[in-house]
2 protein chains.
Amino acid sequence: MKYVFTIGMFSKINRITTKTLRHYDEIGLLKPEHVDEFTGYRYYTTSQLVDLHKILTLKQMGLSLNDIKEVLENPKAIDLFLKLKEEDVLRTIEAEKAKLLQIRSYLSCREGEYEKMYTPIIKELPEVIVASMRQVVENYGVFFHLCPNVMAKEMERLGCVCAVPEYCFNIYHDGEYKEKDIDVEICEAVTEMKEDSDILKFKKIDKVPSAVCVLHKGPYERLGEAYAFVFNWIKENNYEVLDHPRESYIDGIWNKESAEDWLTELQVPVRLKVD
Amino acid sequence: MKYVFTIGMFSKINRITTKTLRHYDEIGLLKPEHVDEFTGYRYYTTSQLVDLHKILTLKQMGLSLNDIKEVLENPKAIDLFLKLKEEDVLRTIEAEKAKLLQIRSYLSCREGEYEKMYTPIIKELPEVIVASMRQVVENYGVFFHLCPNVMAKEMERLGCVCAVPEYCFNIYHDGEYKEKDIDVEICEAVTEMKEDSDILKFKKIDKVPSAVCVLHKGPYERLGEAYAFVFNWIKENNYEVLDHPRESYIDGIWNKESAEDWLTELQVPVRLKVD
DNA sequence: GATTGACATTCCCCTTAGGGTAAAGTTTAT
DNA sequence: ATAAACTTTACCCTAAGGGGAATGTCAATC
């Protein structure tokens, strides 16, 4: 075996490209033992093999070249880097498993329906201050009358300023579906707390770390489909419901003429089920 | 709720950055509904919400923006993309699990020994044509005499040309460790097959898809440590041995004076155990 | 009407770990 | 001497945006 290898030979021995070797030289990870002063040719020897072996091993474990460089300069740090990487890998595995469930749920959920599928997404819901009005209303018609007429006026009276972006949602407190005497709470995000009045209460709602959200387009009568879908999705993807769902109103009668254009987002606070 | 949102407002509603929205505009993934002709200001409306929701969902499943773009343009392709992605995710999970085992094996294997650790790496061994000489030798001393004197001369006599890079290794055919009467085969990579002679046989060795390799620095008496290490590693990392290990000689007496500088690579063909 | 602060625009460089290509120089073999 | 094989540097490219600078616009206040 010859003493000295050109970059091409060294790359063949180690089954990596010359590009990679030049890159490692450039970032100071693995310098050739000798560089010709005039031609710039790189010459490697077997003494580089041990370092390269270590580099490739650490790379196989998933460390970045920067981390590897630090490890080579300070071998005592290797435990630290590997422990951090271990956690990192565990997180990656969890994330990939979540993707897998989501993909499979999507694939199994429908057979050939391409267009009208709901696409659930996990979002964080930020902390928010709301003005809330909770009532038992006779039916939905009454409710839609109540909202602009009573609530908006009361908010104005108390000097409320709506948050931007606007965020208005309902929470249904009945455990079951009801057509009459619905216990509904309507919340509107505002910039600051005010004195509670008889009909309007203020509260700070904590951040929700993760909520499954789906967009529903169309009239409210078909919201049931969205509910059915999202609860099924939650079960299939191994989540559990943490709180009442929120119905967030984006487009509606105040905005779009046709009920087909109304847009509502369903937001269900969840967490991964701990088995 | 207002009809039209500036980019900042739209970013707040959807909890993504304006950078991201501009990027999506640039690559044609999500165009704002209206762009002011003179100022270039982007204006979004709720009609973008459905598409954006879908984009974010698909992104959460791990699809690239390019793939998402194709899916939006041709919704029927979504099944194909998701199935490919599913396999991709499965591969990623396997790869991450392998990393995890490797990291943990490294961490558990030693307590505070930073320097003299072996660093195993999984490599592919390419297909190779070898001139091989198999004999039962009395002891290692005889063997080291045999190699240059008998084998090299016979190779020269037959007109063999060594492959570049040089690749010379031993295979021990005894199932157990022996000090005497060792059944050893010495192989040297050559460029082409020749007529077999009494002492020299030619054969093509198939590619080995994966082999665990460790570098051993020092005299051959301590090779046992490397063997112990690598077999232990194989067990811990859920691999199984497929073939005889190869001892590949890199630096040795022909090269380096001090036995402490000798370099040998142990290569053990393996595969992941199927449970 | 003028100013100010918040918000918007484009432009350019940066991230990882190299890949691809081009133009020019070097080594080795014929 | 010349051609083939090899090497060098230099420049641009990847995915999904992040950071910042210089500049332009909008809405509200003075």
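Numbers restart at 1 for each chain; the letters A, B, ... are given by sequence-line order, proteins then strands.
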Just compare D/dG17, C/dT10, D/dT8 and give me whichever is closest to any side-chain atom of B/K59.
-> D/dG17

If you check every side-chain atom of A/T39, which of C/dG19, C/dA17, C/dT26 has the closest atom?
-> C/dT26

Identify whether any heavy atom of B/T18 sits under 4.0 Å from a base atom; if not, whether one sits that close to sugar-phosphate; answer base, sugar-phosphate or nothing.
-> nothing

Which nucleotide, C/dG18, D/dA16, D/dT7, lies nearest any side-chain atom of A/L65?
-> C/dG18

Rounded to the nearest angstrom, tell me the gap between atom CG in A/L21 and atom P in C/dG18.
-> 10 Å

In whole angstroms, how far is the P atom of D/dT7 from the CG atom of A/D25?
-> 14 Å

If you check every side-chain atom of B/Y41, which of D/dC26, D/dT8, D/dG17 has the closest atom?
-> D/dC26

Interatomic distance where CD belongs to A/E26 and C1' belongs to D/dA10 [whole Å] = 11 Å

How would you label the contact of A/R22 with the nucleic acid (heavy atoms, under 4.0 Å): base, sugar-phosphate, or nothing?
-> base

Protein-nucleotide distance (A/K69, atom NZ; C/dT16, atom C1'), rounded to Å | 15 Å

Going by the angle between their ring planes, with limits at 30° and 60°, are A/H216 and A/Y118 parallel, tilted or perpendicular?
-> parallel

Separation of C/dG18 atom P from A/I27 atom CD1, nearest Å, is 8 Å

Side chain of A/I7 - closest among D/dG17, C/dG19, D/dT8 = D/dT8

With respect to the side chain of A/S64, which nucleotide from C/dT16, D/dG17, C/dA17 is positioned closest?
-> C/dA17

Touch check for B/Y24, heavy atoms < 4.0 angstrom, all strands: base, sugar-phosphate only, or nothing?
-> sugar-phosphate

Which part of the nucleic acid, if any, lies within contact of B/D36, taking any heavy atom under 4.0 Å across all strands shown: a base, the sugar-phosphate backbone alone, or nothing?
-> nothing

Could you check how far CZ of A/F38 sits from P of C/dT27, rounded to whole Å?
-> 11 Å

When you measure from the side chain of B/K12, which nucleotide among D/dT9, C/dA17, C/dC7 comes out closest?
-> C/dC7

Separation of A/K19 atom NZ from D/dT8 atom C1', in whole Å?
-> 11 Å

